[in-house]
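Since the structure comes first, as structure tokens, the remarks are kept for the end.
Lettering follows sequence order; numbering is per chain, from 1.
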Amino acid sequence: MAYWLFKSEPSTYSWDQLVAEGQSGWDGVRNHQASNNMRAMRIGDRGFFYHSNEGLAVVGVVEVAAEYHPDPTDATGKWGMVTVRPVMAAKTPVTLKQIKADPALQTMALVRQSRLSVSPVTEAEWVHICHLAGVEP
DNA sequence: GCCAACGTTGGC
DNA sequence: GCCAACGTTGGC
């Protein structure tokens, strides 16, 4: 199983909306690196849901419910998306500030490539952040 | 194929 | 609201 991190601006699409809807296509990604990360996802992979711009924290855990398939919002047919569903909310959101201050998390793509909206997370990073968030890895 | 101009993302 | 990082576009 692999681990990932999905960024979303809460004003555009929030954790609460995902919980309310039960699942969602991760549409709108128009960046090759982010798109390639989604291509590599398999059903059952887990990801952190991160609020960017406002909140600036990991707020929940999601699971990949459908692998890479066409993004209906893309008229060109070139881009795809995965479908995710919420697994559990973070008991304690893990802020970007915490992550940046944590020596064990400096190598995270979130820290090193701040503009990448879908990024990989290592197992060590996953376990570490789950502990900070108060959820079972 | 290079690079300047421009647009977007996202932290501060 | 500003600006750094970075991707894309278009002229040459």
Side-chain angles (χ1 to χ4, degrees):
Chain A
M1 146 138 59
Y3 304 98
W4 310 94
L5 182 141
F6 296 86
K7 270 188 206 178
S8 182
E9 297 188 31
S11 61
T12 303
Y13 194 81
S14 68
W15 170 256
D16 286 345
Q17 277 174 272
L18 179 63
V19 170
E21 289 177 18
Q23 66 168 38
S24 177
W26 206 260
D27 62 17
V29 174
R30 299 293 182 267
N31 169 282
H32 289 288
Q33 221 181 326
S35 193
N36 284 339
N37 287 332
M38 289 200 292
R39 276 179 204 277
M41 292 179 191
R42 296 298 167 252
I43 287 179
D45 279 1
R46 297 219 161 175
F48 290 125
F49 191 110
Y50 173 83
H51 276 168
S52 63
N53 282 315
E54 305 158 51
L56 306 185
V58 169
V59 292
V61 173
V62 299
E63 184 171 67
V64 175
E67 293 180 8
Y68 196 81
H69 57 285
D71 176 346
T73 68
D74 171 34
T76 71
K78 288 180 188 168
W79 300 95
M81 64 180 192
V82 296
T83 298
V84 299
R85 64 177 183 79
V87 175
M88 55 194 151
K91 271 186 199 161
T92 311
V94 181
T95 65
L96 181 64
K97 205 173 169 183
Q98 273 178 280
I99 291 169
K100 285 193 162 176
D102 194 323
L105 301 174
Q106 292 313 294
T107 53
M108 282 189 78
L110 175 71
V111 174
R112 303 206 296 183
Q113 279 178 272
S114 67
R115 289 187 48 196
L116 185 59
S117 63
V118 180
S119 60
V121 173
T122 68
E123 189 171 3
E125 291 162 351
W126 182 266
V127 170
H128 194 99
I129 291 177
C130 282
H131 284 146
L132 295 175
V135 301
E136 286 297 313

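Minimum heavy-atom separation, A:Pro93 to A:Val59: CB-CG1, 4.4 Å.
Residues from residues 99-109 of chain A with heavy atoms under 4.0 angstrom of DNA chain B, sorted by number: A:Lys100.
If you measure from atom CG of A:Asn53 to atom P of B:dG11, you get 6 Å, rounded to the nearest angstrom. The CG-P distance, from A:Asn31 to B:dT8, rounds to 14 Å in whole Å. Protein atom CD of A:Glu54 is 14 Å distant from nucleotide atom P of B:dT9, rounded to whole Å. In this structure, A:Leu110 places its CG atom 7 Å from P of B:dG11, rounding to the nearest Å. Taking atom CD of residue A:Gln33 and atom P of nucleotide B:dT9, one finds them 16 Å apart after rounding to whole Å. Rounded to an integer number of Å, the gap from NZ of A:Lys97 to P of B:dG11 is 14 Å.
Looking at heavy atoms from C-beta onward, A:Asp102 lies in side-chain contact with A:His128 at the 4.5 angstrom threshold. Taking the side chain as every heavy atom from C-beta outward, A:Thr73 and A:Met81 never approach each other to under 4.5 Å. A heavy-atom distance below 4.5 Å is not found between the side chains of A:Trp4 and A:Val84. Inter-residue side-chain proximity for A:Phe48 and A:Val61 is flagged as met; some heavy-atom pair is nearer than 4.5 Å. Side-chain contact between A:Met41 and A:Tyr68: absent, with no pair of heavy atoms (C-beta onward) separated by less than 4.5 Å.
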Grab the N/O contacts between the protein and nucleotides 3-6 of chain C below 3.5 Å, and write none if there aren't any.
from	atom 1	to	atom 2	distance (Å)
C:dA5	N3	A:Arg115	NH1	3.0
C:dC6	O4'	A:Arg115	NH1	3.0
C:dC6	O2	A:Arg115	NH1	2.3

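A:Glu9 places no side-chain N or O within donor-acceptor distance of the main-chain N or O of A:His51, the cut-off being under 3.5 Å.
Taking only side-chain nitrogens and oxygens, A:Tyr50 never comes nearer than 4.0 Å to OP1 or OP2 of B:dT9.
Among A:Val135, A:Leu5, A:Val121, A:Val94, the single residue meeting the side-chain contact (heavy atoms from CB on, under 4.5 Å) criterion with A:Ile129 is A:Val94.
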